[in-house]
Protein chains: 2
Amino acid sequence: MSEGLRERKKRQTRQRISEAALGLFVARGFDRVTIAEVAAAAEVSVNTLYNYFEAKEDLVLPPDEASPQRLADIVRARQPGESAARAVLGRLRDELRRHERKVGLTAGFGPVFAMMRAAPTLTARLEDLGRQMTDALAAVLAEETGAAPGDRTPCVIAGQIGWFHSLVYGEIGRRIEAGEQPAAIAEALLELLDVVEETLSERALGYATREA
Amino acid sequence: MSEGLRERKKRQTRQRISEAALGLFVARGFDRVTIAEVAAAAEVSVNTLYNYFEAKEDLVLPPDEASPQRLADIVRARQPGESAARAVLGRLRDELRRHERKVGLTAGFGPVFAMMRAAPTLTARLEDLGRQMTDALAAVLAEETGAAPGDRTPCVIAGQIGWFHSLVYGEIGRRIEAGEQPAAIAEALLELLDVVEETLSERALGYATREA
DNA sequence: GCAAAAAATGGCATGCGCTGCAAACATACA
DNA sequence: TGTATGTTTGCAGCGCATGCCATTTTTTGC
C-alpha cells in the first residue's frame, strides 16, 4: 500500500476545504467570507482548516500552478542561439496564442481575478512571487554567463524580464475582469509585447544568448 | 487667524501619535507593538488614534514625503533637450550624490527599513505607491508626446522608468539594513544606475525628449 | 459674552483573523 | 486487543479594526 487511509483522507479534506473556499470567495468576495464559514462549508472545524492552510490567503493561491522557478525554467530550456529575454518573450507569445489556462486566459477566471484585485493581501502574494521569480532568474543568468560576483548586470536584465512578465499578467487580469474576450485580450497583449520588444535594448534582448 | 487653535492641536496630536508609533515600532518591531500601546504612549485613546489614521500601517508612511506624483513631477520639470528617462536617472544620481534624506540615505534609517521589510503590509503599501507613480508618469508621457489613445508606448516607457526607480529604493533599503555606510551605498547605487543606463535602449532613453 | 453648532475624545461592545491548549477521536502497528 | 502516534475539535484568548453614544472642548453666530 503506497498510500494509507490516513493520507488519502488528508488529501480529500484539503481539497474539500480549498474548493469550498474558492466557491465562497468568488461568489461573495474574499473579504465578505469568514474563515468560520469556509470551515462550515467544508464541514471541518476552524482549527482543522488552519492545520492545512497557514493563512486565509493560502486558500486561494494554488502553489503548484505558479512556481517561483517559472522564469528560470523558461530560460534554462531556451534553444541554442536564443537569448534569455527572447526566450521569455517567445514563451509568453506561445501561451497567449494558445489561450493557455496557465496564463488565466479563460472565461471562468474573471471572478477569480476580480476577487484577487479586491484583496490587497492577495496581490501582495503575487508580487512576492514575482520577486522570487526574478531572483531565481538572476541567479541562472549569473551562472550561465559566468558574470563576476560584483557584476550587477544579471540582476538588471532579470529585473527587466521580470518586469514585462508581470506586466503581461497584470494586464490579463485587468482585461479579463473588465469582461473582454480571451481572443481580444490575447491579440492586444501580443501587440503590447511587440511594443515592449521595440523598447528593449539590443543589449538586453541579446543577453545570455545560448551558443549554437 | 489663518489657523485656529483647533487645527493646531490636531496637528500636534497627529504628530505626537506618529512619533510615538515610530519610536515603538523601530524599537520593538511593527508586529510586536499593539495599537493600544501606541495610543497609551501618545496619551490618546485608541478611538482617537483611529480618527487620525485609518490603519496601523498609516502610522508609518508619511504621505507627504512620498508623493504619487514624484516621477511625473521630475519629468515635467526636465530641462530642454532632456528625455523622461534621463531626467529621472539624473535626479536619482543627484539625490544619491547628496545623500539626501528623501531617499533614506541616512544612518538612522536602518531600523526603519528593517521594520518595514519585516511587515508585509508595509511593503505592499510601498509597491502600491510605486504603481501610482508609474501610472501618473504614463499619463504625463502620453500627454506630452501626443500619443494616440491606443498607443501603449507611454505605459511601457513609464513602466521601465518606474522599475529602475523602485529598484534603486529597494537596494537602498536592503543595504542600509545590512549596515553599509551611506557613502558606500551611494557609490554602489551610482554604478548600478550606470548598468541600468547601459541596458536601456536608445528608444527608451530618448523618449519624450523636450525640444530645445 | 452667551448659547447653539460642530468637532474631538473616550469608553464600551462587536466581529474577525489567528493561536494556543487539552481532551476526544481515528489510524497504524505489534 | 492494546498501545503509540497523529488528527480533529471545542474553548479561551489576543490583537486589529469598526461602530455607537455620551462627554468635553472648540468654533461660530447672535
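Not measured: the values here are computed from a predicted model.
What separates CZ of Arg16(B) from C1' of dT9(C) is a distance of 12 Å, to the nearest Å. Arg8(B) places its CZ atom 16 Å from the C1' atom of dA8(C), with the value rounded to the nearest Å. Whole-Å rounding puts the Arg14(A) CZ to dT8(D) P distance at 12 Å.
Applying the side chain to side chain donor-acceptor pair (under 3.5 Å) rule to Gln69(A) yields the partners Arg76(A); only residues at least two apart in sequence or on another chain are considered. Partners of Arg93(A) under the salt bridge (charged side-chain N to carboxylate O under 4.0 Å, His left out) rule, at least two apart in sequence or in another chain, are Asp194(A), Glu197(A). Every side chain to side chain donor-acceptor pair (under 3.5 Å) that Gln15(A) has, sequence neighbours left out, goes to Glu19(A).
Sequence neighbours left out, the pairs with a member in residues 148-176 of chain A that pass salt bridge (Lys or Arg N to Asp or Glu O under 4.0 Å) are Arg152(A)-Glu171(B), Glu171(A)-Arg174(A), Glu171(A)-Arg175(A), Glu171(A)-Arg152(B), Arg175(A)-Glu180(A). Annotation: salt bridge (Lys or Arg N to Asp or Glu O under 4.0 Å) contacts involving residues 37-54 of chain B, sequence neighbours excluded, comprise Arg28(B)-Glu37(B). Identified under the ring-ring contact (aromatic ring centres under 6.0 Å, His included) test for residues 16-43 of chain B, with sequence neighbours left out: Phe25(B)-Phe30(B).
Ser45(A) has no side-chain polar atom (N or O) that falls below the 4.0 Å cut-off from OP1 or OP2 of dC11(D).
Nearest heavy atoms, Thr199(B) versus Ser201(A): O-OG, 2.7 Å.
Contacts of residues 48-55 of chain A with DNA chain D (heavy atom under 4.0 Å): Thr48(A), Asn51(A), Tyr52(A).
Among the nucleotides dA8(C), dC18(C), dC16(D), the one closest to the side chain of Ile35(B) is dC16(D).
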Under 3.5 Å, which N/O atoms of the protein pair with N/O atoms of nucleotides 20-23 of chain C?
{"residue": "dG20(C)", "atom": "O6", "partner": "Asn47(A)", "partner atom": "ND2", "Å": "2.3"}
{"residue": "dC21(C)", "atom": "N4", "partner": "Asn47(A)", "partner atom": "ND2", "Å": "3.3"}

Atom pairs and distances, side-chain donor-acceptor, residues 124-132 of chain A, under 3.5 Å, sequence neighbours left out:
{"residue": "Arg125(A)", "atom": "NH1", "partner": "Asp58(A)", "partner atom": "OD1", "Å": "2.6"}
{"residue": "Arg125(A)", "atom": "NH2", "partner": "Glu57(A)", "partner atom": "OE1", "Å": "3.4"}
{"residue": "Glu127(A)", "atom": "OE2", "partner": "Arg131(B)", "partner atom": "NH1", "Å": "2.9"}
{"residue": "Glu127(A)", "atom": "OE2", "partner": "Arg131(B)", "partner atom": "NH2", "Å": "3.3"}
{"residue": "Asp128(A)", "atom": "OD1", "partner": "Arg131(A)", "partner atom": "NH2", "Å": "3.3"}
{"residue": "Arg131(A)", "atom": "NH1", "partner": "Glu127(B)", "partner atom": "OE2", "Å": "2.9"}
{"residue": "Arg131(A)", "atom": "NH2", "partner": "Glu127(B)", "partner atom": "OE2", "Å": "3.2"}

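In this structure the side chain of Gln160(B) reaches within 4.5 angstrom of the side chain of Leu200(A), judged on heavy atoms.
Nucleic acid contact class of Glu57(B) (heavy atoms, under 4.0 Å, all strands): sugar-phosphate only. Contacts of Val44(B) with the nucleic acid, taken as non-hydrogen atoms under 4.0 Å apart, involve only primed sugar atoms and P, OP1 or OP2. Note on Val33(A): only backbone sugar-phosphate atoms sit closer than 4.0 angstrom, heavy atoms only; bases stay farther off.
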